[in-house]
Amino acid sequence: QVQLVESGGGLVQPGGSLRLSCAASGNIFTIGVMAWYRQAPGKQRELVATITSDDSTNYADSVNGRFTISRDNAKNTAYLQMNSLKPEDTAVYYCNADISLNSRRFTFQFYWGQGTQVTVST
């Protein structure tokens, strides 16, 4: 019923930038909080950034000042602008969204994307 599709990952040198996108599609009534998580090899998945429907944002300390989360509610899309990338930012980045469906407008459920690989290396 709902799909989250991430894009924009890739290989970048330290100090470089990437912009990730997360597009939600399906039988969507409204989207609440959208978030980006990441998981590095051998590590637990960690929260990177969140954004509410009225554009209130929060960031992990490790990315604060370097990453910017934003969203376009008309397109049901969230973005993650990543600047000054470091090797320790290497991970699979996942999009997460709290979504209600047209068939159940007052019930929200979390959905996950399939992930996009970000590799920061020389």
Side-chain angles (χ1 to χ4, degrees):
Q1 288 181 314
V2 171
Q3 273 194 318
L4 295 181
V5 179
E6 298 104 333
S7 61
L11 173 64
V12 63
Q13 292 187 344
S17 298
L18 282 175
R19 187 190 193 212
L20 307 183
S21 298
C22 168
S25 62
N27 191 25
I28 297 170
F29 175 62
T30 192
I31 302 177
V33 175
M34 301 186 79
W36 288 95
Y37 288 75
R38 67 186 181 186
Q39 188 167 19
K43 295 187 177 181
Q44 288 188 331
R45 191 173 296 190
E46 64 174 353
L47 179 64
V48 175
T50 63
I51 184 166
T52 65
S53 56
D54 59 355
D55 290 337
S56 178
T57 59
N58 274 292
Y59 298 92
D61 289 343
S62 59
V63 307
N64 198 19
R66 300 187 297 122
F67 291 9
T68 302
I69 189 171
S70 61
R71 63 192 285 171
D72 183 334
N73 292 327
K75 295 181 179 180
N76 287 338
T77 299
Y79 305 95
L80 186 68
Q81 177 66 43
M82 305 185 294
N83 299 328
S84 302
L85 282 161
K86 304 175 181 179
E88 51 264 43
D89 295 318
T90 295
V92 178
Y93 283 71
Y94 297 91
C95 177
N96 174 275
D98 198 18
I99 298 173
S100 71
L101 307 178
N102 282 317
S103 58
R104 293 183 294 173
R105 295 186 173 186
F106 300 105
T107 300
F108 282 81
Q109 182 176 342
F110 284 110
Y111 293 85
W112 289 93
Q114 82 290 349
T116 185
Q117 176 70 46
V118 172
T119 303
V120 185
S121 176
T122 56

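Each residue takes its place number in the sequence, starting with 1.
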Walk me through whether Gln117 and Thr90 qualify under side-chain contact (heavy atoms from CB on, under 4.5 Å). CA-CA 8 Å; Gln117 176 70 46; Thr90 295; 4.0 Å; yes

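Under a hydrophobic-cluster definition in which Ile, Leu, Val, Met, Phe, Trp and Tyr are linked whenever side-chain heavy atoms come within less than 4.5 Å, directly or via other members, Tyr111 and Ile28 are assigned to the same cluster. Linking ILVMFWY residues whenever their side-chain heavy atoms come closer than 4.5 Å, directly or via other members, places Trp36 and Leu18 in the same cluster. A single hydrophobic cluster is seen to contain both Val118 and Val63, as judged by linkage of ILVMFWY side chains at heavy-atom distances under 4.5 Å, directly or through other members.
Surrounding CG of Asp61 are at most 12 heavy atoms belonging to other residues, nucleotides or ligands under 6.0 Å away. Within 6.0 Å of CD in Gln44 there are 12 or fewer heavy atoms belonging to other residues, nucleotides or ligands.
Residues Val12 and Ser17 have side chains not in contact (no heavy-atom distance under 4.5 Å, counting atoms from C-beta outward). The shortest distance between side-chain heavy atoms of Asn83 and Gln81 falls below 4.5 Å. Inter-residue side-chain proximity for Asn76 and Ile99 is flagged as unmet; no heavy-atom pair is nearer than 4.5 Å. Considering only heavy atoms from C-beta on, Phe108 comes within 4.5 Å of Thr30 through its side chain. No side-chain heavy atom of Val120 sits less than 4.5 Å from a side-chain heavy atom of Met82. Within the 4.5 Å cutoff, side-chain heavy atoms of Asn102 are placed close to those of Phe29. Residues Ile31 and Arg71 meet the side-chain proximity criterion, which asks for heavy atoms closer than 4.5 Å. Residues Thr68 and Tyr79 form no side-chain contact, since every pair of their non-hydrogen atoms from C-beta on lies 4.5 Å or further apart.
The salt bridge (charged side-chain N to carboxylate O under 4.0 Å, His left out) check on Arg66 picks up Asp89, with sequence neighbours excluded.
For the atom pair Lys75 NZ and Ser25 OG, the distance stands at 14.5 Å (nearest 0.5 Å). In this structure, CG on Asp98 lies 11.5 Å from OG1 on Thr50, to the nearest 0.5 angstrom. Rounding to the nearest 0.5 angstrom, the gap separating the CG atom in Leu101 from the OG1 atom in Thr107 is 8.5 Å. Distance check: Ser62 OG to Leu47 CG gives 9.5 Å after rounding to the nearest 0.5 Å.
Judged by distance alone, with hydrogens and angles left aside, the side-chain atoms of Gln114 form no donor-acceptor pair with the main-chain N or O of Val5 at under 3.5 Å. Remark: the backbone N or O of Arg38 is not paired with any side-chain donor or acceptor of Glu46 at under 3.5 angstrom. Proximity of a side-chain donor or acceptor of Gln1 to a complementary backbone N or O of Asn27 within less than 3.5 Å is not detected. Side-chain atoms of Tyr59 come within 3.5 Å of backbone atoms of Ile69 as a donor-acceptor pair (strictly under, hydrogens ignored).
Closest non-hydrogen pair, Leu80 versus Ala49, comes out as CD1-CB, 4.4 Å. Residues Met34 and Ala78 approach most closely at CE-CB, 3.6 Å, considering heavy atoms. Contact record, Gly9 with Leu20: N-CD2, 3.6 Å, taken as the closest heavy-atom pair.
Note: Phe67 and Tyr93 have tilted aromatic rings, judged against thresholds of 30 and 60 degrees for the angle between ring planes.
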